[in-house]
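Structure record follows, encoded as structure tokens.
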There are 2 protein chains.
Amino acid sequence: MNSVYKALADPTRRKILELLRDRDLSAGEIAAHFDLAKPTLSGHFAVLKSADLIQADKVGTTITYHLNISVLEEALLPLINTFNLTSPNLLFWREDFDEQ
Amino acid sequence: MNSVYKALADPTRRKILELLRDRDLSAGEIAAHFDLAKPTLSGHFAVLKSADLIQADKVGTTITYHLNISVLEEALLPLINTFNLTSPNLLFWREDFDEQ
DNA sequence: TTGCTATTTTGCTAAATACCGAAATAGCTG
DNA sequence: CAGCTATTTCGGTATTTAGCAAAATAGCAA
């Protein structure tokens with residue numbers, strides 16, 4: 001998932017994801033956390049959307065963004081697994097589970 | 001930390017890291033895996049080095065690159081922890097590191 | 001020394017990216 | 001309808017990036 005890694009390369013976008021971890025936020029609420037113009041943030045939303053990392057839900061004139069955490073997981077776990085970045089027990093446990 | 005994410009944003013560099021996971025490789029050996037000119041690869045090595053993701057050891061005329069896995073860990077674990085990316089069921093989605 | 005090998009540095013494009021202000025879109029309300 | 005709000009799209013610039021060929025560096029060996 002190259003688009004996910006590209007999306008994560010920018011600190012503003014990582015911060016947006018972090019904000020959305022706590023709760024869904026509108027574009028304006030997110031923009032309030034940054035010293036950047038709204039069109040700039042809108043561009044970041046588009047990058048995150050095209051990587052499928054966030055989802056937009058429009059109600060009236062407000063667009064609420066929601067974190068798509070499973071996409072982040074799907075993209076990063078291959079990396080984590082390739083480099084054994086977590087305890088190997090996890091994989092062990094999973095294999096045990098499989099046998100049942 | 002930002003430099004690590006920037007380094008990971010390019011698929012060629014992710015592939016280089018993946019190659020170095022198995023064993024240390026010289027610049028030329030790495031270059032043989034790609035259809036890119038050597039100066040281009042050399043530029044990628046420089047990016048990975050400045051992110052401290054790899055280490056260069058020169059013996060004679062050969063430069064051998066070594067993966068600095070702890071730097072990758074240190075950079076990614078905050079992300080993994082922030083988003084609680086360790087649920088074991090997701091190991092089902094394991095796929096080749098840079099597939100698509 | 002000369003030549004060969006491994007690799008980087010230089011100098012240059014083309015493409016991508018981040019940013020902004022202004023304009024456009026779209027929904028709401030009086 | 002007109003005006004207000006939320007957000008995006010448009011058009012532009014400045015910076016960064018990925019790529020290459022050619023030149024430079026550096027070690028080795030005849």
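We name chains A, B, ... by the order of the sequence lines, and we start the count at 1 in each one. It should be emphasised that the depicted structure is a prediction, and the values quoted were computed from it without experimental measurement.
- Tyr5(A) and Val47(A) fall into different hydrophobic clusters, where Ile, Leu, Val, Met, Phe, Trp and Tyr residues are linked whenever their side-chain heavy atoms come under 4.5 Å apart, directly or through other members.
- Between Lys6(B) atom NZ and dT16(D) atom P the separation is 9 Å, expressed in whole Å.
- When the side-chain nitrogen and oxygen atoms of Thr40(A) are compared with OP1 and OP2 of dA18(C), none of them lie within a distance under 4.0 Å.
- In this structure, of dA6(D), dA18(D), dT17(C), it is dA6(D) that holds the atom nearest to the side chain of Thr62(A).
- Not one N or O on the side chain of Asn68(A) forms a donor-acceptor pair closer than 3.5 Å with the backbone of Val71(A).
- Between Tyr65(B) and the phosphate of dA6(C), there is no side-chain N or O to OP1/OP2 separation shorter than 4.0 Å.
- Pairing each heavy atom of Ala9(B) with each of Asn2(A), the nearest pair is O-OD1, 3.4 Å.
- You'll find that the side chain of Ala27(B) is closest to dT7(C), out of dC20(C), dT7(C), dT8(D).
- Remark: His44(A) is in phosphate contact with dC19(C), judged by side-chain N or O atoms under 4.0 Å from OP1 or OP2.
- Thr61(A) has no side-chain polar atom (N or O) that falls below the 4.0 Å cut-off from OP1 or OP2 of dG27(C).
- Summarising the geometry, the separation between CG on Asp10(A) and P on dC19(C) is reported as 6 Å, rounded to the nearest angstrom.
- Along DNA chain C, the nucleotide nearest to Lys58(A) and the one nearest to Gly28(B) differ in position, and the one closer to the 5' end is contacted by Gly28(B).
- Atom pair Lys38(B):NZ and dA23(D):P shows a separation of 18 Å (rounding to whole Å applied).
- The distance from atom CD1 of Ile30(B) to atom C1' of dA6(C) is 13 Å, rounded to the nearest whole Å.
- We find that CG of Asp57(A) is positioned 13 Å from P of dT8(D), with the value rounded to whole Å.
- Contact between the side-chain N/O atoms of Ser26(A) and the OP1/OP2 oxygens of dT7(D) is found at a separation under 4.0 Å.
- Counting to the nearest Å, the P atom of dA18(D) and the CG atom of Asn2(A) are 11 Å from each other.
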Exercise. Using the side-chain contact (heavy atoms from CB on, under 4.5 Å) rule, take Leu20(A) and Leu53(A) through it: C-alpha gap first, then chi angles, then the decisive distance, then the call.
Key: CA-CA 10 Å; Leu20(A) 290 175; Leu53(A) 283 166; over 6 Å; no
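- One atom, CZ of Phe45(B), and another, P of dT17(D), lie 18 Å apart when rounded to the nearest Å.
- When heavy atoms are screened at a 4.0 angstrom cut-off, Leu36(A) is found touching the sugar-phosphate backbone but no base atom.
- Closest contact between the side chain of Arg13(A) and the listed nucleotides dA18(C), dC20(D), dC20(C) involves dA18(C).
- Look at CG on Leu41(A): it is 9 Å from P on dC20(C), rounded to the nearest Å.
- Side chain of Arg14(B) to main chain of Leu79(A): no donor-acceptor pair is present (N/O by atom type, distance under 3.5 Å, no hydrogens or angles).
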